[in-house]
Protein chains: 2
Amino acid sequence: MEKYYPLLQNTPLFKGILPENFESMFKCLSAKTKSYEKGEPIMLAGEDVKNVGIVLEGKIQIQKDDINGERIILDELGAGGIFGEVFACAGIEKSPVTVYSIFPSEILFVDYRKIITLCPSNCSFHSMLIRNMLMLIAQKNIMLNSKLDIISKKTTREKLFAYFKAQAKKTGTKMFELPFSRDELADYLCVNRSAMSRELCKLRDENFIEFEKRTIKILKWPFRS
Amino acid sequence: MEKYYPLLQNTPLFKGILPENFESMFKCLSAKTKSYEKGEPIMLAGEDVKNVGIVLEGKIQIQKDDINGERIILDELGAGGIFGEVFACAGIEKSPVTVYSIFPSEILFVDYRKIITLCPSNCSFHSMLIRNMLMLIAQKNIMLNSKLDIISKKTTREKLFAYFKAQAKKTGTKMFELPFSRDELADYLCVNRSAMSRELCKLRDENFIEFEKRTIKILKWPFRS
DNA sequence: ATAAATCTGTTGCATTTGCAACAAGGAGAG
DNA sequence: CTCTCCTTGTTGCAAATGCAACAGATTTAT
């Protein structure tokens, strides 16, 4: 467990809390760790969520299963990522999402009631935890808004550019790696894969972009900036 | 100001705080009120956001202005509604959204730094305020997810049904009033208005729904539940 | 009361998209 | 190496959609 302390120290949730307090804190929070294999579900939609999860190792994917059986990728988290905290704070008991381990992963679970409730012993880290949680959720909120920005576009072309623009802004360059396969990207943008593929090639033919595998290079923007 | 105390008492942000503490609390929080006419902007995109706003009277609309000049309605708030709190908690200085008063409105502004920072005098309401804020933002988060659910649908028909389903669940009946004009609804669903109008009529002709003006009545569901 | 503005439905048309099926290339397993 | 699976691009076609323009109805302003 101690080997993850440097990681946890830089985690948004535990930022500002001294590592020497971790052991007593985890005890107070009833923290537990669990291992998952690649492809194994960590949390299923409809299950009770009593814990906040923190990825110590590996990679997970948060998905939403549609009525029609379609899969929507909401997020992908590596080491340091946190999930389940929104339902915790919103008072939602049943998970509306499914979380899968897409690499062999090690997850730290924390009882969320113990995070938001000040303990009798009045531990010093509690107000910091809550403050951190606030920022965490607010920023996730911003991310959701960004995704809405992209999905709100009417055409596939506009969605692609909106997504590319966000990625370019994130990485600071006009050439970047997609974190998705084509299939997953289409899911993310909520469009048909083959239609998206077609549009990508059109954009290439019109000299807007170049791409090879997951590498995208922006040559020019269609609208202003 | 005192006339709004009953309203504020039932506001998510101030819930659990006794009205007799309101005056001293507002003083501590540097709270101010301001009036707006119908159509007047309350907060423009790009402006500094230093305050959290609470609607005391009237109605406001939160919009996002697209690069292409398209308008996306993110939310509509009546008395008791709160806005700007997400940017506050996420540490974002410049507002990415525009807020308009769509009725003559009275807005209460609170310096958000004073909400999340425990004051020297250690007021009793501060930890409650932060806890309330946490739930507020987490629930807004959930709402964004719900909207994503709707927008993520590929066809206009699916979007309409996803939206209707959410409204039906909200009101608990199969007949409800739309909070939008057709134009606004199309904006909300991110589809072309005339195409949506066409689809609505198709649904009527296929006996899925009945509608008159803003009243929608669901006759049957296309898929399960 | 009259005029102007807004809301809603309608229609034709070009374009986009979803869908399904197939093919080429590459990665990984045995 | 060979076989299988996965990823990606390709294509034809029917259906959906965006767009623009128009008309009737309703609301609002003067």
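This one's a predicted model, so the numbers in the text were calculated from it and none came from an experiment.
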Inset, instruction - Ignoring hydrogens and angles, state whether a donor on the side chain of B/S194 or B/N192 is under 3.5 Å from an acceptor on the partner side chain. - result: yes
Inset, instruction - Say whether A/E212 and A/T215, considering side chains only, have a donor N or O and an acceptor N or O under 3.5 Å apart. - result: no
Inset, instruction - Work out which heavy atom in B/Y100 is nearest to a heavy atom in B/I42; give both atom names and the distance. - result: C-CD1, 4.1 Å
Rounded to whole Å, please give me the gap between [atom1] in [X] and [atom2] in [N].
X      : N      : atom1 : atom2 : result
A/K153 : D/dG18 : NZ    : P     : 14 Å
B/K154 : C/dT16 : NZ    : C1'   : 15 Å
A/L203 : D/dT8  : CG    : P     : 17 Å
B/L189 : D/dG18 : CG    : P     : 11 Å
A/E212 : C/dG26 : CD    : C1'   : 13 Å
A/M196 : D/dT7  : CE    : C1'   : 11 Å
A/N192 : D/dT10 : CG    : P     : 15 Å
A/R157 : D/dG18 : CZ    : P     : 16 Å

Legend entry - A/K147 NZ/CZ over A/Y188 ring centroid, <6.0 Å and within 45° of normal: yes
Inset, instruction - Find out whether the Lys NZ or Arg CZ of B/K50 is both under 6.0 angstrom from the six-membered ring centre of B/F109 and within 45° of the ring's axis. - result: no
Sequence neighbours left out, cut at 3.5 Å: what donor-acceptor pairs do the side chains of residues 3-15 of chain A make with other protein atoms?
from, atom 1, to, atom 2, distance (Å)
A/Y4, OH, A/E57, OE1, 2.4
A/N10, ND2, A/P6, O, 3.4
A/T11, OG1, A/L7, O, 3.4

Legend entry - With sequence neighbours excluded, residues passing side chain to side chain donor-acceptor pair (under 3.5 Å) with A/Q167: none
Legend entry - Contacts of type side chain to side chain donor-acceptor pair (under 3.5 Å), residue A/S95, not counting sequence neighbours: none
Legend entry - Rounded to 10 degrees, the angle between the two terminal axes of the helix from C/dA1-D/dT30 to C/dG30-D/dC1, each from five pairs: 50°
Legend entry - Sequence neighbours excluded - ring pair (Phe, Tyr, Trp, His ring centres under 6.0 Å) pairs with any residue from residues 133-157 of chain A: none
Inset, instruction - Determine, for nucleotides 5-14 of chain C in 5'-to-3' order, which nucleotides have protein heavy atoms under 4.0 Å from the base (write B), from only the sugar-phosphate (write S), or from neither (write -). - result: ---BBBBBB-
Inset, instruction - Could you check whether A/K159 gets within reach of a base, just the sugar-phosphate, or nothing at all, counting any heavy atom under 4.0 Å? - result: nothing
